[in-house]
Number of protein chains: 2
Amino acid sequence: MSDATKRAPVVEQVPEQTTTRLSVYLRCLERLHAAGVPAVSSAALAECCGLNGAIIRKDLAYFGEFGVRGVGYHVPALRQHLRQILGLDRRSAVVILGAGRLGSALAAYRGFRDDGFEVVALFDTDPSRIGSSTRDGIPVCALDDLRAVVERQGVVIAIIAVPAGAAQEVLDLVVACGVRAVLNFSPGGLRVPAGVKVKNVDLTLSLESLSFFLAAGRGD
Amino acid sequence: MSDATKRAPVVEQVPEQTTTRLSVYLRCLERLHAAGVPAVSSAALAECCGLNGAIIRKDLAYFGEFGVRGVGYHVPALRQHLRQILGLDRRSAVVILGAGRLGSALAAYRGFRDDGFEVVALFDTDPSRIGSSTRDGIPVCALDDLRAVVERQGVVIAIIAVPAGAAQEVLDLVVACGVRAVLNFSPGGLRVPAGVKVKNVDLTLSLESLSFFLAAGRGD
DNA sequence: TTTTGTGAACTAGTTCACAGCT
DNA sequence: AGCTGTGAACTAGTTCACAAAA
């Protein structure tokens, strides 16, 4: 491990927004890396993602001193550091709860695989779906099999794509099976047990936010 | 219009987070309304959505004085006010760009219709898809038809569910056709023309944020 | 008495500005 | 000379606390 990472990563106090920006920086670095750019300043990286350079330096400083004064950041090295910080340097097994349209669409989503996320199974309660496979060969299993799959495949992330009424029950189940990170697509908010991280993607909330903008007639 | 809405809605300065919370309040009010509860205090509503009562009073105060001191908020009236503020008191026509798995799944999503959002057409460039319909009878059209559909159906919101490489081009097209509110599912960020509101749902960013949590080993 | 609406205090997050390193 | 890393200043957003209304 590089000496640049010696700093204690006082992760408890890294703001959520910083972690999201790290992903954005990484995307930009992938482009620079592919283009063969050897180094980039915080100002240039900021330009590239529409941000202020100071916030980039602050964000990176939570995790170490990756920059070289007078030069900037070494692109391949910073890329590697960010991939490691974000846990993208290894495969992560994912299960999807709910094999309806949304669950199936997510199972086929290319962007996930490219980042090392591997959907190993879908789960459903509908007997007509159980036992089948997606076009990519991902099996659709009964909920009863969840624990076994999680344990055997080392599943670390669950995606919840079930109807709203079943979401809390399903969350409690995946948590009971040992999964501690959940991406939730069901609307309405869940009671989240301590020690578990749930990220909500609430499509209705997003659309209503746009609707507000239209209703308010903001033309700025 | 009720006299409670007389206040100038200085909408320019309503924080984005406030608008999202309004949707959350509305959801909670729908439940209370269905249960026949006549009035609710900011403290009770806060409890219901896991927030502080003061922020609810502040949020609502941007739009008027809806409460009654000593009593709270009249549920049916506040529900109506929020529906109007969020533009949910009328039908909104929506188009979906990209009739792949994600686009098709979104077209079938029940939660949208319940809020007055009506998906009137999907658009794609794949000739094998053009001319077909979804199971719900929503037509899949060629991009050339976009302008006509937008104008004829009064489309106000576009959902972009095309591959990343095509997203900017598609955004520019829908904006050129007069749509000013866009829900974007493609990753990577877009150049957004002035006067247009784009809400990004970046699935990769969401998963990477969970991955960070796992990599950092936060068990709090 | 109860609860709103709101100024004041507080907190979190961003930007500025510059000392210090290469 | 140029750019990072970081304390200080600033900005936005939340919570407190209480006067005023019903």
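In what follows, chains are A, B, ... by sequence order, proteins preceding strands, each numbered from 1.
- C:dT22 atom P lies 17 Å from atom NE2 of A:H74, rounded to whole Å.
- Between the CD atom of B:Q13 and the C1' atom of D:dA12 there is a distance of 13 Å, rounded to whole Å.
- In this structure a side-chain-to-backbone donor-acceptor pair under 3.5 Å is present from A:S206 to A:D202.
- The side chain to side chain donor-acceptor pair (under 3.5 Å) pairs that include a residue from residues 157-175 of chain B are B:Q168-B:D172, where partners are two or more places apart or lie in different chains.
- A straight line from CG of B:L78 to P of C:dT3 spans 16 Å, rounded to a whole angstrom.
- Shown here are the salt bridge (charged side-chain N to carboxylate O under 4.0 Å, His left out) partners of A:R57, two or more places apart in sequence or in another chain: there are none.
- Residues passing the ring-ring contact (aromatic ring centres under 6.0 Å, His included) test with B:F117: none are found, sequence neighbours excluded.
- For the helix from C:dT1-D:dA22 to C:dT22-D:dA1, the angle separating the two terminal helix axes comes to 0°, with each axis derived from five pairs and the value rounded to 10°.
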In B/S/- notation (B base, S sugar-phosphate only, - none; protein heavy atoms under 4.0 Å), nucleotides 15-22 of chain D written 5' to 3' is BBB--BBS
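- Rounded to whole Å, the distance from CD1 on B:I56 to C1' on D:dT14 is 13 Å.
- B:D124 pairs by the side-chain hydrogen bond (donor to acceptor under 3.5 Å, both in side chains) definition with B:R129, not counting sequence neighbours.
- Taking atom CZ of residue A:F63 and atom C1' of nucleotide D:dG5, one finds them 15 Å apart after rounding to whole Å.
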Can I get a per-line list of side-chain donor-acceptor pairs under 3.5 Å for residues 186-193 of chain A, giving both atom names and the distance, sequence neighbours left out?
from: A:S186; atom 1: OG; to: A:N184; atom 2: OD1; distance (Å): 3.0

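- The disulfide (SG to SG under 2.5 Å) analysis of residues 42-113 of chain B, with sequence neighbours excluded, yields the pairs B:C28-B:C48.
- B:S209 is linked by a side-chain hydrogen bond (donor to acceptor under 3.5 Å, both in side chains) to A:K199, counting only residues two or more places apart in sequence or in another chain.
- Partners of A:R113 according to the side-chain hydrogen bond (donor to acceptor under 3.5 Å, both in side chains) rule, which considers only residues two or more places apart in sequence or in another chain, do not exist here.
- When rounded to the nearest whole Å, the span between CZ of A:F66 and P of D:dT6 equals 12 Å.
- The stretch residues 25-50 of chain A has no heavy atom under 4.0 Å from DNA chain C, so no residue of it qualifies as close.
- Between A:Y73 and D:dG5, a side-chain N or O to OP1/OP2 separation shorter than 4.0 Å is present.
- Atoms OH (B:Y62) and P (C:dT4) sit 18 Å apart, rounded to a whole Å.
- No more than 12 heavy atoms of other residues, nucleotides or ligands shown are found within 6.0 angstrom of CD on B:E47.
- Under the side-chain hydrogen bond (donor to acceptor under 3.5 Å, both in side chains) criterion, B:S104 pairs with no residue at all, not counting sequence neighbours.
- A sub-4.0 Å separation between OP1 or OP2 of C:dT14 and a side-chain N or O of A:R21 is present.
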